[in-house]
Each structure stands twice: as structure tokens, then as C-alpha cells.
Amino acid sequence: MTDHEESSHATSTERDGRGHANTTSAGHAGEGGTAATDYDVIVVGGGPAGCSAGVFTARYGLDTLVCDRGRSSLQQCAVVENYPGFPVSIGVETLSTLFEDHATEAGCDVVPELVERIDRPDERVEHRSDDSGFVVETAAGNTHTADRVVAATRYGGEYLRPVLEDDAFETLDGADGRTRLDRSYPDRDGGTPVDGLYIASPSRAADRQAIVAAGRGARVGIEVVEAVRRDQGYPPALAPYYDWVRPESSREDKWGERETWRGVFADRWPADREVDRRRYVALREREIDRRLAAYRSEAEIESTADRGQRRLLEHLEDELVLERAAEIAADRDTLEVDT
């Protein structure tokens, strides 16, 4: 297998027959099938970082909740003029709605709730024999539980104090002893010393611009997925995760055969890593399903592109759509007269 073939075929998401993410949890219910928590992942913050992280976790099939009800730095902008894909600019409200719509389409539950506190589990989390997982409390009085949490709020971090040590916070100069979450506390992929807790924002390198924050969120979302894959039993050579789809026409015939992928899987499985045979087969076949599902026929590509454009129309002002439709009709009439 060449390097090109390797990168081209290490792809992405489990999907259902409609092209949506299959949100049946890959790790939430566990081997016994009884969920110990409400969600696999809870993302705190519904801006570019939070929604981006949620898109990646949900598209892998992780039950993901996005809580979006706080101070957003994006809401302080007049318009956004430097987000690729919008040549003139994009209104803040429109961009925020697009973020949320994308997260929802990927399979996230998005709720307008302000998170006030995150703590380790107690009697509210059934079936827990250890202190893993998190309890998330909101200002509305709701409680959600999750195996993993992604913090994606540029402002504030007090809600994380119950699970963090004091060294995670820094004292602000001239602020009468006030503190904030240290932007250098998370590592380059958002990981922290607290197992299961990831921080996409605040981040020293990635919360000054919306597009950078979105990239940071994606990076953290991928790290969460790879951690889940390692927990599922995939060895380091098979844990890395890529989320993209490719046209079927670009795939050589052999890469459409399960036996080819079985050989690749066997080659990458460490010889010194022992595993129950049935577990090995389950991991292998799940991975093959995921990779084969990442290819699209020409009809599927055309249908998805059409659906994508129609979805964008829903975010435009009706008057502008009608105005443009009238211009198109007038141009066509002119062309018919000229010919």
C-alpha cells in the first residue's frame, strides 16, 4: 500500500442511508449496551470552536450535546470579513446560525443552556464504579452527564473549577485578585491532565479569530475521536482518524473489496497485542464498514451538493432570494430575445 493509497483511504464517518451521520454511539453504551451517561461528549460553547468540535465527534457517531448560552466573542463583531467562503462578508447572526445548523445536521443536540458547573460523577450517574465521566449543571437547573467534555468558551472558566487544580488558573494583572483559565493549560490537541476533559478555548494560539478557533475545535474534536478509538481497542497504528469522503470513481477496484482491507488491518495490528478473536473481528469489520462508507457515487455527490445549496438558501433573506430570482429570469428572457 503506497503512502498515497494510505492517506486516500484512511477516511471518515459512519453514515446512514440518507447521507447523515449515524449517531449510534461508538462508545457510549459500552460493551454491555447499557449507557452510564446521557452523552458520549458534551461541548460547552456553541461558537466556531465548539460547533466545529461537535461536528467531528458527532460525525464519528458519538452522542454529542452542545450547550450554547454564554458570552460569545463572535457576537461582539460587527460583521465577519475574513472567514473563507464569504468573499464580501457574513453577518454574525447568519454565521452563528450556520455553525449551529451544521452541528445539528452532523447529529449534535444543540441546546440554549448556560453551563454553570462541571464536576465528577456522584449518585446521579448510574452504573459508575469509578470517578470517570462528568456531571454538567446548567443555569436552567438541568443536569447532563457525559464520558468526555470539551470546553469551548473563550470567556470564563469558573465552571471548570471543581475538576481542575488551582494551577490551571492565572491571576489577572491589576484585577484585584481575579483569575481566569490559563490559556497555556491545554496541550496542542486540547488535552488536559484531567482524563476526559479537553479545552478548545480558551487557547493561547487559537481564540483570536473565528476561522482559527474553528480549526482548533476541529483538532480537538479529532483528538476526542482518537481517544475513543483507543478506548475501543484500536492500536496506535489504527487509531488515527480522518473525516473526508471521496468519489467512488477514484477508488481502485481492490479497495472496494473487504478482503483487501482485512489484509491492511492485519498488517497494522501489532504482533504482540493480544485480543479476543471475536473482539478483533468486530473492530476490524467496524473499521472496514467506516472506510467503505466514505465513498460516494456520482448520483450521491450531485444529490448532496444540491441539498447543500438548498440548505444555504434557508439562511438567506427571502427578499434577496426573490430579487436574485427576478434578475435570473430577466437575464434568461434577454438571452432568448438575442438568440
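What you are looking at is a predicted structure, and each value in this text was computed from that prediction instead of being measured. The figures here come from the full heavy-atom set of this structure, side chains too, leaving out hydrogens, waters and symmetry mates. Quick note: residue numbers are just sequence positions, from 1.
For E259, the salt bridge (Lys or Arg N to Asp or Glu O under 4.0 Å) partners two or more places apart in sequence, or in a different chain, are R262. Evaluation of the side chain to side chain donor-acceptor pair (under 3.5 Å) rule for E158 yields R161 as partners, not counting sequence neighbours. Applying the ring pair (Phe, Tyr, Trp, His ring centres under 6.0 Å) test to F265 and every residue at least two apart in sequence or in another chain returns W269, Y280. For E100, the salt bridge (Lys or Arg N to Asp or Glu O under 4.0 Å) criterion is met by no residue, not counting sequence neighbours. For E302, the side chain to side chain donor-acceptor pair (under 3.5 Å) test picks out no residue, with sequence neighbours left out. Residues meeting the salt bridge (Lys or Arg N to Asp or Glu O under 4.0 Å) test with D189, sequence neighbours left out: R219. Listed by chain and residue number, Y39, L65 satisfy the side chain to side chain contact (heavy atoms under 4.5 Å, CB included) test with D109 (two or more places apart in sequence, or in another chain). Taking R310 as the reference, D306 meet the salt bridge (Lys or Arg N to Asp or Glu O under 4.0 Å) condition, with sequence neighbours excluded. Every residue meeting the side chain to side chain donor-acceptor pair (under 3.5 Å) condition with Q75, not counting sequence neighbours, appears here in chain and number order: S96. Under the rule for a side chain to side chain donor-acceptor pair (under 3.5 Å), the partners of H315 that lie at least two apart in sequence or sit in another chain are D101.
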Could you tabulate the donor-acceptor pairs under 3.5 Å formed by side-chain atoms of residues 44-58, not counting sequence neighbours?
unit_1, atom_1, unit_2, atom_2, d
S52, OG, A214, O, 2.8
S52, OG, A218, N, 3.2
T57, OG1, A53, O, 3.4
T57, OG1, G54, O, 3.2
T57, OG1, T64, OG1, 2.9

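One finds a salt bridge joining E287 and R229 here, because a Lys/Arg side-chain nitrogen approaches an Asp/Glu carboxylate oxygen to under 4.0 Å. Between R183 and E170 there is no salt bridge, since no side-chain N of the basic residue sits under 4.0 Å from a carboxylate O of the acidic one. Between R230 and E223, at least one side-chain nitrogen of the basic residue sits less than 4.0 Å from a carboxylate oxygen of the acidic one, meeting the salt-bridge criterion.
In this structure, the side chains of F99 and L74 come closer than 4.5 Å at one or more pairs of heavy atoms. Side-chain contact between Y60 and I222 is absent, with no heavy atoms from C-beta onward closer than 4.5 Å.
Screening residues 80-91 for side chain to side chain donor-acceptor pair (under 3.5 Å) gives N82-Q209 as the qualifying pairs, with residues at least two apart or on separate chains.
At least one donor-acceptor pair closer than 3.5 Å links the side chain of Y234 to the backbone N or O of L283. For D38 (side chain) and T145 (main-chain N/O), a donor-acceptor pair under 3.5 Å exists by modelled atom type. When atom types are taken as modelled, the side chain of R120 and the backbone of G133 share a donor-acceptor pair closer than 3.5 angstrom.
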**Request:** Check the pair D182, R204 against side chain to side chain contact (heavy atoms under 4.5 Å, CB included), reporting the backbone distance first and the verdict last.
**Result:** CA-CA 8 Å; D182 187 349; R204 188 176 301 280; 3.6 Å; yes
**Request:** Let me see the working for D289 and R258 under side chain to side chain contact (heavy atoms under 4.5 Å, CB included), right down to the final yes or no.
**Result:** CA-CA 9 Å; D289 288 343; R258 299 187 75 88; 3.0 Å; yes
